[in-house]
Amino acid sequence: MEKRKKLVLIDNGHGVETPGKRSPDGCHREYLWCREIAVRLGRALGEAGIEAALLVPELADVPLAVRCARAASLARGRDAVLVSLHNNASGSGAEWGRACGWSVFVGPNASAASKRLAALLYAHARSENILGNRCTPPSGYWTANLAICRDTPCPAVLTENMFQDHRADVDFLSGEHGKDVITRLHCRAVSEYFGIA
């Protein structure tokens, strides 16, 4: 029997017109940063021998139902996982906040595979020392009723890559080192998940 080909579906957050998804000073835009990291991650995974596909190549906001349908279509017959990239926020986005750091989420109906991928992502984020100042569940990941995780038929996680309303986090996200750290931790966790690390 032929082994199913591996595939990573990269969901790059919100669209250009989504309100409020930016730093208080307007310099950091979630849609733009997530799309850059999605491209970087796709390239890194390709170099590791893992095929990746961007779920939302458009700049416009694509409804969750459409994104989930795309994921279902692309994942059919493949050994696929989905990683949804986002930035977190602790308030309305109008003011700088104190919450900082990285986190990962699974859906309420998460499979054991989703939880394993989330735990691997957490372990790599912890090794990069970017977890921030909030408590983390013992599992290393949070559970939330997120449609992109809940309604996707393959293992799926959502990562909140630092806070876009925390000054130090935004500085980290904006720099080449921060972008490399975030890309690397995702690539390493996915590679380990697929047994390629």
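All values derive from a computational prediction rather than experimental measurement.
- Across all their heavy atoms, I10 and A52 have their closest contact at CD1-CB, 4.0 Å.
- Closest heavy-atom contact between A71 and L82: CB-CD1, 3.9 Å.
- Considering every non-hydrogen atom in both A125 and L131, the closest pair reads CB-CD2, 3.9 Å.
- Screening N87, D165, D169, D171 for a side chain to side chain donor-acceptor pair (under 3.5 Å) with H28, the sole residue that qualifies is N87.
- Contact detail for A80 and A75: the closest heavy-atom pair is CB-CB, 3.7 Å.
- To the nearest 0.5 Å, the span separating CH2 on W102 from CD1 on I182 amounts to 8.0 Å.
- Ionic pairing of R40 and E176 is present here: one or more N-O contacts between side-chain nitrogen and carboxylate oxygen are shorter than 4.0 angstrom.
- One side chain, T159 or H186, offers a donor N or O that lies under 3.5 Å from an acceptor on the other.
- Put simply, L7 and V83 are part of two different groups of oily side chains (I, L, V, M, F, W, Y) that touch within less than 4.5 Å, one to the next.
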Checking side chain to side chain contact (heavy atoms under 4.5 Å, CB included) for the pair S174/F172: CA distance, chi angles, key distance, verdict?
CA-CA 5 Å; S174 301; F172 176 82; over 6 Å; no
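- Taking 4.0 Å as the cut-off between side-chain N and carboxylate O, D79 and K5 do not count as a salt-bridged pair.
- Other residues, nucleotides and ligands place no more than 12 heavy atoms under 6.0 Å from the CG atom of N129.
- The pair E192-R188 fails the salt-bridge criterion, with no side-chain N (NZ, NE, NH1 or NH2) lying under 4.0 Å from an Asp/Glu carboxylate O.
- Each of V62, V56, L32 was scored for a side chain to side chain contact (heavy atoms under 4.5 Å, CB included) with N12, with one residue passing: V56.
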F194 and I50: side chain to side chain contact (heavy atoms under 4.5 Å, CB included), yes or no, with the steps?
CA-CA 9 Å; F194 280 129; I50 302 170; 4.1 Å; yes
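- Side-chain contact check for L59 versus R35: some heavy-atom pair is nearer than 4.5 Å.
- Hydrophobic clustering, with ILVMFWY side chains joined whenever heavy atoms are under 4.5 angstrom apart, keeps L9 apart from V106.
- A salt bridge is absent between R167 and E95; no separation between the charged side-chain nitrogens and carboxylate oxygens falls under 4.0 Å.
- Between Y122 and Y141 there is no side-chain heavy-atom pair separated by less than 4.5 Å.
- With values rounded to the nearest 0.5 angstrom, D180 atom CG is found 8.5 Å from E128 atom CD.
- To the nearest 0.5 Å, the span separating OG1 on T152 from CG on N109 amounts to 9.5 Å.
- The closest side-chain heavy-atom distance from L55 to L74 is below 4.5 Å.
- Here the shortest heavy-atom pairing between A156 and S114 reads N-OG, 3.0 Å.
- Taken to the nearest 0.5 Å, the CG atom of L85 stands 8.0 Å off from the CG atom of L158.
- A pairwise comparison of heavy atoms in R98 and N133 identifies O-ND2, 2.8 Å as the closest pair.
- When the side-chain hydrogen bond (donor to acceptor under 3.5 Å, both in side chains) test is applied to W33, no partner is found at least two apart in sequence or on another chain.
- Taken together through direct or relayed side-chain contacts under 4.5 Å among Ile, Leu, Val, Met, Phe, Trp and Tyr, Y31 and V66 form parts of separate hydrophobic clusters.
- By the 4.5 Å heavy-atom criterion applied to side chains, M162 and N88 are not counted as neighbours.
- Grouping the Ile, Leu, Val, Met, Phe, Trp and Tyr side chains by contacts below 4.5 angstrom, directly or via other members, places I130 with L121.
- A salt bridge is absent between K6 and E51; no separation between the charged side-chain nitrogens and carboxylate oxygens falls under 4.0 Å.
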Check against salt bridge (Lys or Arg N to Asp or Glu O under 4.0 Å), E17 and R22
CA-CA 11 Å; E17 72 274 19; R22 63 191 64 184; over 6 Å; no
Intermediate values then yes/no, side chain to side chain contact (heavy atoms under 4.5 Å, CB included), R67 and D11
CA-CA 8 Å; R67 285 151 60 191; D11 176 50; 2.8 Å; yes
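- When side chains are defined from C-beta on, I37 counts as touching T183, because their heavy atoms get closer than 4.5 Å.
- Atom CZ of R134 sits in a crowded spot, with more than 12 heavy atoms from other residues, nucleotides or ligands closer than 6.0 Å.
- The hydrophobic clustering, which links ILVMFWY residues whose side-chain heavy atoms are closer than 4.5 Å, places L173 and V104 together.
- Rounding to the nearest 0.5 Å gives a distance of 13.0 Å between NZ of K179 and CG of N161.
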Which is it for I148 and L64 under the side chain to side chain contact (heavy atoms under 4.5 Å, CB included) test, yes or no, and what are the steps along the way?
CA-CA 7 Å; I148 196 67; L64 279 162; 4.1 Å; yes
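- Between the CG atom in L120 and the OH atom in Y193 there is a gap of 9.5 Å [rounded to 0.5 Å].
- Pairs passing the ring pair (Phe, Tyr, Trp, His ring centres under 6.0 Å) check and including a residue from residues 68-100, sequence neighbours excluded, read H14-H86.
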